[in-house]
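Beneath this line is the structure, given in structure tokens, with notes to follow.
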Amino acid sequence: MRLSHTLAPTLKETPAEAQIVSHRLMLRAGLVRQTAAGIYAWLPLGWRVLQNIARIVREEQDAVGAQEMLMPTIQPAELWRQSGRYDAYGPEMLRISDRHDRDILYGPTNEEMITDIFRQSVKSYRELPQMLYHIQWKFRDEVRPRFGVMRGREFLMKDAYSFDLDYAGAVVSYRKMMLAYMRTFQRLGLKAIPMEAESGPIGGNLSHEFIILAPTGESQVWYDAVFEEMDFAAGRIETDAELEQFFAQMTTPYAATDEKHDAATWAQVTNQREGRGIEVGHIFYFGTKYSTPMGLTIAGRDGAPIAPHMGSYGIGVSRLVGALIEANHDDAGIIWPDPVAPFRAVILNLKPGDPACDRMCEDLYARFRGGALYDDREERAGVKFADADLMGHPWQIVVGPRGAAGGRVELKRRAGGERQELDIDAALAKIG
RNA sequence: CGGGGCGUGGCGCAGCCUGGUAGCGCGCGUGUUUUGGGUACACGAGGCCGCCGGUUCGAGUCCGGCCGCCCCGACCA
């Protein structure tokens, strides 16, 4: 994209409504614009980040055998009456009615809907287990939206649902999801720790929330240092035994938020770490909480009906954008981890109109085939440097008259700030 | 939902107490200037002062109602 014709309205000053750093930077870098309290429009750069995160989430869901689908945002109230949650859910649920006065709602989650779909079609134990997920917008009418996209009313969420024949099967699904989550967060460049959680309004008794570490996080967390060393890219985890071992590795060392923190147990931890954290995911097992009231049964081996054991698994995709910024920024702006950056590199033409600079930039830009942002604006060098730092692309390729004459560019790494002068091929090789 | 605050060109703000022709900085446009970290100067465009009603000769300013947004708390991916 050429920045001169891109809707990326950067701001020198911070809009008054933004308090926390990620919200400020998202506004200032031109990633989002607020439409109403807790509701945001995603501008081109922000949308690219959101899609990059969704892509990684998707790949890791697929890798543990979950199937992607897409359910609607609008749901009939009838489904929620069947589970009993239409009355139980409270004012957080956005209730609407259509022209025929039928009660509908903007889904805050999809347990009822997936259960309904599943019961219509799945009839035999032979078809289980199954895991399904979708990445869809949700709406929860928070009393008090805040922190920008970290706590919006409309938000993009990956939610997955597992169906198993019995508890033992459900535990395997649960562990697979935990594995997918740890891999996902690692790929996003985040340190995430699973912490035992209350099961909340959705119900259940096996539940973990995933907290990522960020100095500006909203809650205090206590954890064992072993979590900092874990690497989920290495080593295969596939069999039930390997999964069980993985699960033990995740759940045995101490990790707690203020709600569950226990001073006595904590005192026995050898390598203590304290920090701040942000919740970005939550997984639950809830048994037959929905299958039973909604009449989801399948035929078992002996022909008798079985109510599947279910679980649900959420990742706050849009919240992750904010969380990533909380974890990766400095005074000048955002520092995107490579896999999620809107663009891998930005080309700064310090002197548009200068034939050598223009030629070199056009050549570079073409070689990225759309994978780079080209700052071709007629702006001062200082403006371009400041905006590039603010927007946080991992690499900055600086093309000025000085170097262009000798066929050289200056390559700057946003994280760390090292620069070096290279010829084009060497720079491209380095960026990869 | 309890407590607090704020709505004035795109953004940040002053003006309101004490009513009398709507201001500043940034940004935007044009020209000159500058040319590797938000350059300087000149000219210019842009505002039903959140909305409705009231008081008054006259309301951004005073009074009433409504709407929106933000912060703290309780609640949450």
Side-chain angles (χ1 to χ4, degrees), chain A residues 7 9-20 23-24 27-28 30 33-39 53 57 89-93 107-110 135-160 181 197-202 207-212 218-219 257 259 278-284 312-323 331-333 348-354 357 375 377-390 396-404 408-410 412 417 419 421:
Chain A
L7 182 63
T10 56
L11 262 25
K12 206 188 279 190
E13 288 172 290
T14 304
E17 74 263 20
Q19 297 299 313
I20 63 161
H23 191 194
R24 278 188 234 154
L27 257 15
R28 286 194 52 216
R33 282 292 112 104
Q34 180 168 314
T35 293
I39 302 179
I53 295 170
V57 168
Y89 211 89
E92 257 198 358
M93 185 155 74
T109 177
N110 287 68
I135 299 175
Q136 177 62 292
W137 294 94
K138 304 279 189 293
F139 194 94
R140 289 182 195 169
D141 199 358
E142 297 280 344
V143 199
R144 192 189 154 207
R146 59 182 132 170
F147 307 143
V149 299
M150 299 255 290
R151 178 84 175 278
R153 290 193 293 172
E154 187 183 50
F155 54 97
L156 188 62
M157 179 176 173
K158 183 286 301 180
D159 43 321
Y181 275 41
E198 305 289 351
S199 44
I202 293 181
S207 168
H208 286 85
E209 54 187 36
F210 293 79
I211 305 286
I212 63 152
E218 27 180 347
S219 44
T257 58
E259 291 138 28
I278 302 167
E279 185 186 351
V280 291
H282 205 152
I283 61 179
F284 308 75
S312 73
Y313 315 87
I315 290 181
V317 178
S318 49
R319 167 178 282 195
L320 271 168
V321 179
D331 289 344
L348 305 187
N349 187 344
L350 294 194
K351 192 167 186 182
D354 176 89
C357 288
D375 190 347
R377 297 174 302 169
E378 295 194 22
E379 287 287 356
R380 302 259 319 164
V383 172
K384 298 192 178 192
F385 288 133
D387 276 348
D389 285 347
L390 175 60
Q396 296 172 14
I397 308 172
V398 182
V399 178
R402 231 164 47 198
R408 295 172 80 77
V409 299
E410 185 180 273
K412 175 180 163 182
R419 320 155 187 233
E421 218 178 276

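Order of the sequence lines sets the chain letters (A, B, ...), proteins ahead of strands, with each chain counted from 1.
- Checking B:rG37, B:rC71, B:rG38 against the side-chain heavy atoms of A:Lys412 singles out B:rG37 as nearest.
- With B:rA77, B:rG36, B:rC1 as the candidates, the nucleotide lying closest to the side chain of A:His282 is B:rA77.
- Look at A:Arg33 and you won't find any side-chain N or O under 4.0 angstrom from OP1 or OP2 of B:rG10.
- Residue A:Pro401 has its side chain nearest to B:rG36 when only B:rC70, B:rG36, B:rC72 are considered.
- The side-chain heavy atoms of A:Leu348 and A:Gln396, taken from C-beta on, include a pair separated by under 4.5 Å.
- Counting non-hydrogen atoms under 4.0 angstrom, A:Gly314 reaches nothing in the nucleic acid.
- Counting non-hydrogen atoms under 4.0 angstrom, A:Glu209 reaches nothing in the nucleic acid.
- Base pairing analysis places B:rC26 opposite B:rG10; the two distances defining the Watson-Crick or G-U wobble pair are each below 3.5 Å.
- In this structure, B:rG2 and B:rC72 make a Watson-Crick or G-U wobble pair, each of the two defining distances being under 3.5 angstrom.
- Minimum atom distance to the side chain of A:Ala36 is reached by B:rC69, of the listed B:rG38, B:rC71, B:rC69.
- Applying the 3.5 Å distance criterion, the base of B:rC75 shares a donor-acceptor pair with the side chain of A:Arg151.
- Side chain of A:Lys384 to main chain of A:Asn349: a donor-acceptor pair is present (N/O by atom type, distance under 3.5 Å, no hydrogens or angles).
- Among the atoms of the strands shown, only primed sugar atoms or phosphate atoms (P, OP1, OP2) are found under 4.0 Å from some heavy atom of A:Ala37.
- Contact annotation for A:Leu11: no contact, since no heavy-atom pair falls under 4.0 Å across all strands.
- The residues A:Arg408 and A:Glu421 are annotated as salt-bridged, a charged nitrogen and a carboxylate oxygen being separated by less than 4.0 angstrom.
- Nearer the 5' end of RNA chain B, as judged by each residue's closest nucleotide, is the contact made by A:Asp389, out of A:Val317 and A:Asp389.
- For the pair A:Arg380 and B:rG36, the criterion of a side-chain N or O lying under 4.0 Å from OP1 or OP2 is not met.
- Here B:rA77 presents its C1' atom at 5 Å from CE of A:Met157, a figure rounded to the nearest Å.
- Spacing of C1' atoms, B:rC62 relative to B:rC57, comes out at 16 Å, to the nearest Å.
- Summarising the geometry, the separation between CG on A:Asp331 and P on B:rG38 is reported as 17 Å, rounded to the nearest angstrom.
- Look at A:Lys138 and A:Glu154 and you find no salt bridge, because none of the NZ, NE, NH1 or NH2 atoms lies under 4.0 Å from a carboxylate O.
- Residue-level contact check: A:Ser318 touches neither bases nor backbone, having no heavy atom under 4.0 Å from any strand.
- We find that CZ of A:Phe284 is positioned 9 Å from C1' of B:rA77, with the value rounded to whole Å.
- Between A:Gln34 and B:rC70 there is a side-chain N or O to OP1 or OP2 distance below 4.0 Å.
- Taking every side-chain heavy atom of A:Glu142 into account, B:rC76 is the closest of B:rC76, B:rC1, B:rC26.
- One atom, CD1 of A:Ile39, and another, P of B:rG68, lie 12 Å apart when rounded to the nearest Å.
- Nearest to the side-chain atoms of A:Glu13 among the listed nucleotides B:rC1, B:rA74, B:rC26 stands B:rC26.
- One interatomic measurement links the two molecules: CD of A:Glu378 to P of B:rU33, which rounds to 15 Å at whole-angstrom precision.
- Within the 4.0 angstrom heavy-atom criterion, base atoms lie near A:Gly152.
- If you check B:rG36, B:rA77, B:rG25 against the side chain of A:Glu279, the one that comes closest is B:rA77.
- Among the nucleotides B:rC13, B:rC1, B:rC70, the one closest to any side-chain atom of A:Ala16 is B:rC13.
- The shortest distance between the side-chain N/O atoms of A:Lys12 and the OP1/OP2 oxygens of B:rG27 is below 4.0 Å.
- A:His23 has its NE2 atom 13 Å from the P atom of B:rC11, to the nearest Å.
- If A:Pro145 and A:Leu390 are placed on RNA chain B by their nearest nucleotide, the residue sitting closer to the 5' end is A:Leu390.
- The CZ atom of A:Arg408 sits 19 Å away from the P atom of B:rG36 (whole-angstrom rounding).
- Between the P atom of B:rC71 and the CD atom of A:Glu17 lies a distance of 9 Å, rounded to the nearest Å.
- Listed for the A:Arg319 side chain is a donor-acceptor partner under 3.5 Å among the backbone atoms of A:Glu279.
- Taking the six-membered ring for Trp and the full ring otherwise, the centers of A:His282 and A:Phe284 sit less than 6.0 Å from each other.
- In the interface, the side chain of A:Arg24 is not paired with the base of B:rG12 through any donor and acceptor atom under 3.5 Å apart.
- Under the stacking definition used here (centres under 5.5 Å, planes under 30°), the residue A:Phe155 qualifies as stacked on the base of B:rA77.
- Neither side chain, A:Asn110 nor A:Gln136, offers a donor N or O lying under 3.5 Å from an acceptor on the other.
- Residue-level contact check: A:Arg28 touches the bases, meaning some heavy atom is under 4.0 Å from a base atom.
- Nucleic acid contact for A:Asp159: none, since no nucleic acid atom lies under 4.0 Å from a heavy atom of the residue.
- For A:Arg402, taking side-chain heavy atoms from C-beta onward, the closest of the listed nucleotides B:rG36, B:rA77, B:rC69 is B:rG36.
- The shortest non-hydrogen separation linking A:Leu11 to A:Leu390 is O-CD2, 4.2 Å.
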